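Written out below as structure tokens is the structure these notes cover.
Because the structure is a prediction, the values reported are computed rather than measured.
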Amino acid sequence: MKREAALRELRRLLGPEAAGIPGGRLPACDFGGWPLSGALAEAAPASQAQVVALVRWAAKRAVALVPAGARSSFWGSSASRGAVLVDLRRMNRLLGLDEVERSVRVEAGIATAALEERLRRRGLAMAACPDGFGDATLGSMVANDTTAGYGMFAGPASAHLVGLRVVLGTGEVLRAGASSLYRGLPAFSRSGLPDFSGLFLASEGALGIVTEMTLRIKPLSPRRVLILRYAPSRAAFEGLARLARDLRSARICAHWVNVSRLSPEEDETRIELEGELGPEELERRCAWLAARLRRLGLPGPERTENEPARWFGGERPRRWTGVSVSAPYGNISRIQSLWLKRWRPRARRLTEGEAGLRTYFGLEGTAALLWWRRREGLERESARFEAAARRDLARLGLPYRLGRAWGEAAKARLDPAYRRRLRWLKRCFDPKGIMNPGVGAF
Ligand SMILES: Cc1cc2nc3c(=O)[nH]c(=O)nc-3n(C[C@H](O)[C@H](O)[C@H](O)COP(=O)(O)OP(=O)(O)OC[C@H]3O[C@@H](n4cnc5c(N)ncnc54)[C@H](O)[C@@H]3O)c2cc1C
């Protein structure tokens with residue numbers, strides 16, 4: 001289809017301001033620098049009814065639709081040639097807040113920071129959140145099944161999902177999740193029926209466009225941030241890993257990130273403790289932590305800050321490349337040794353100073369993320385470094401997770417029977433194959 005004709009029809013369908021040329025509303029590249037190239041147009045529906053109209057139009061015209069939130073992913077998983085990019089950020093309304101049941105119903109394009117702000121004013125907070133900057137949308141949290149980072153401490157964001165609406169490739173609206181199934185009944189978190197919501201987690205828009213969701217929320221609780229500084233060494237990392245294990249067995253909720261940067265003076269561990277039961281509980285936890293640090297021979301907190309509990313704030317990071325790996329506790333110190341001995345010296349030559357290893361310790365597990373900001377003109381060297389880091393991890397027998405490379409490697413190892421079922425599912429929900437056709441798993 002020709003661009004002019006598409007724009008004309010889309011404007012008639014959604015309104016003159018809602019359709020335009022690619023790059024008009026959405027960033028040209030995602031956070032990792034992967035472009036959505038060759039797209040036909042951008043469309044920004046303002047309601048679920050408009051999403052339905054758009055999907056029906058696309059099915060009739062055999063045009064692919066690629067949904068988008070803030071484009072803060074960094075793995076470039078979508079193929080966009082000839083597709084209409086669907087910017088969902090106009091669908092950003094808070095549709096309902098139930099303070100008794102502690103749940104919130106929102107449109108899929110609402111940004112995480114915007115939702116957080118709305119909840120804070122009522123003394124409430126999201127139960128879990130991705131640690132991207134706050135522009136990431138709630139819809140993509142389902143579509144990506146955003147997990148690592150902060151999600152590691154309170155479970156993935158999707159663990160708090162109790163309701164979902166999705167416009168399938170047929171144009172039909174599917175409700176899933178206990179809170180959406182029954183009309184006029186209170187919102188339970190389990191329905192007693194098979195729950196379709198899981199099918200849409202990590203589906204990256206290949207089965208449909210998420211338009212609405214209901215999430216469990218929690219009361220806002222006091223938070224204390226403890227900053228630890230230490231001389232980076234394998235012994236220190238092992239001590240930190242032991243501390244994380246202790247915190248986990250004591251079921252103390254801590255959002256914990258250890259960041260080792262290019263210059264050792266900047267290395268730090270941030271431990272964020274939350275006192276869900278109030279300030280006294282928070283004090284008790286801090287005292288427990290300080291005693292534990294002493295016992296493990298680790299330096300006590302350099303400083304502590306009372307932070308208004310919020311997920312977002314500070315400066316928005318600049319574009320970077322990353323290699324992330326989910327690793328059991330035992331392997332974290334091996335990864336950190338790799339960073340100290342092999343990766344840090346190499347990263348130093350590749351970047352203008354922004355690179356590091358972030359390690360997350362959580363109730364749900366651990367993850368490590370090697371990141372660096374590519375220096376202009378050193379793209380080839382950067383790619384070689386990325387490949388070398390993955391080889392290092394493979395030698396340790398660790399799975400890595402990295403955008404396209406991970407997607408390809410995972411696809412090759414997917415159980416063929418599972419793959420067949422995924423494809424079958426795709427045909428049921430998206431018979432014309434118009435929903436984000438570039439997603440590898442399908
Ligand atoms: C500094 C930083 C830290 C990050 N930390 C984490 C982290 O801790 N954990 C983590 O998992 N990710 C993390 N990310 C990656 C990213 O921020 C998250 O995955 C986030 O959920 C992406 O949101 P987005 O709105 O930018 O989605 P986009 O990048 O715009 O879209 C992501 C995918 O979802 C699809 N999609 C978007 N909206 C919908 C919808 N409504 N319906 C169907 N499909 C849709 C898109 O087609 C695409 O395939 C981080 C990113 C940055 C920059």
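Across every non-hydrogen atom of Pro67 and Gly205, the tightest pair is CG-CA, 4.0 Å. Taking all atoms of both residues into account, the shortest heavy-atom contact from Leu7 to Gly20 is CD2-O, 3.4 Å. For the residue pair Val166 and Thr211, the shortest heavy atom distance occurs at N-OG1, 4.3 Å. Residues Ser197 and Ala176 share a closest heavy-atom pair of N-CB, 3.6 Å.
Using a distance-only test at 3.5 Å, with no hydrogens or angles considered, a donor-acceptor pair links the side chain of Asp195 to the main chain of Gly177. One N or O on the side chain of Ser47 and one on the backbone of Gln50 form a donor-acceptor pair closer than 3.5 Å. Looking at Ser80, its side chain never comes within 3.5 Å of a backbone N or O of Ala39 through a donor-acceptor pair. Side-chain N or O atoms of Asp87 include none that pairs as donor or acceptor with a backbone N or O of Ala44 at under 3.5 Å. A donor-acceptor pair under 3.5 Å is formed between the side chain of Arg3 and the backbone N or O of Leu40. Of the possible polar contacts, none joining the Glu204 side chain to the Asn436 backbone as a donor-acceptor pair under 3.5 Å is found. Side chain of Thr351 to backbone of Arg348: no donor-acceptor contact under 3.5 angstrom is found. With hydrogens and angles ignored, the 3.5 Å screen pairs a side-chain donor or acceptor of Thr112 with a backbone N or O of Gly134. Side chain of Lys426 to backbone of Met435: a donor-acceptor contact under 3.5 angstrom is found.
Annotation: the span from Glu212 atom CD to Met91 atom CE amounts to 8.0 Å, rounded to 0.5 Å. Expressed to the nearest 0.5 Å, how far CD of Glu268 lies from CD1 of Ile227 amounts to 5.0 Å. Interatomic distance, OG1 of Thr269 versus CG of Leu240, reported as 4.5 Å (0.5 Å rounding). Expressed to the nearest 0.5 Å, how far CG of Leu168 lies from CD1 of Ile209 amounts to 10.5 Å. How far CD1 of Ile434 is from CG of Leu65: 5.0 Å, rounded to the nearest 0.5 Å. The line from CG of Leu350 to CD of Glu386 is 10.5 Å long, rounded to the nearest 0.5 Å.
In this structure, the side chains of Asp246 and Trp288 come closer than 4.5 Å at one or more pairs of heavy atoms. Proximity of Leu228 to Ile271: side-chain heavy atoms (C-beta onward) are separated by under 4.5 Å at one or more points. The closest side-chain heavy-atom distance from Trp343 to Trp372 is not below 4.5 Å. Proximity of Leu207 to Phe442: side-chain heavy atoms (C-beta onward) are separated by under 4.5 Å at one or more points. Residues Val106 and Arg93 form no side-chain contact, since every pair of their non-hydrogen atoms from C-beta on lies 4.5 Å or further apart. By the 4.5 Å heavy-atom criterion applied to side chains, Leu289 and Leu273 are counted as neighbours. At a threshold of 4.5 Å between non-hydrogen side-chain atoms, the residues Val86 and Leu54 count as touching. Using a 4.5 Å heavy-atom threshold, the side chains of Arg344 and Ser260 count as touching.
Contact check on Arg342 versus Asp392 returns a salt bridge, with a Lys/Arg side-chain nitrogen under 4.0 Å from an Asp/Glu carboxylate oxygen. A salt bridge does not link Glu107 with Arg165: none of the charged nitrogens is closer than 4.0 Å to a carboxylate oxygen.
Remark: Arg419 CZ is packed, more than 12 non-hydrogen atoms of other residues, nucleotides or ligands lying under 6.0 Å away. Around the CD1 atom of Ile21, the shell of radius 6.0 Å holds no more than 12 heavy atoms that belong to other residues, nucleotides or ligands. Remark: Arg25 CZ is packed, more than 12 non-hydrogen atoms of other residues, nucleotides or ligands lying under 6.0 Å away.
Exactly one of Glu281, Glu283, Glu272 qualifies for a salt bridge (Lys or Arg N to Asp or Glu O under 4.0 Å) with Arg224. That residue is Glu283.
In this pair, Phe429 and Phe200 present their aromatic rings parallel. The plane angle is below 30°, not in the 30 to 60° band.
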Intermediate values then yes/no, salt bridge (Lys or Arg N to Asp or Glu O under 4.0 Å), Arg90 and Glu17 = CA-CA 11 Å; Arg90 283 176 78 205; Glu17 73 295 346; 3.1 Å; yes
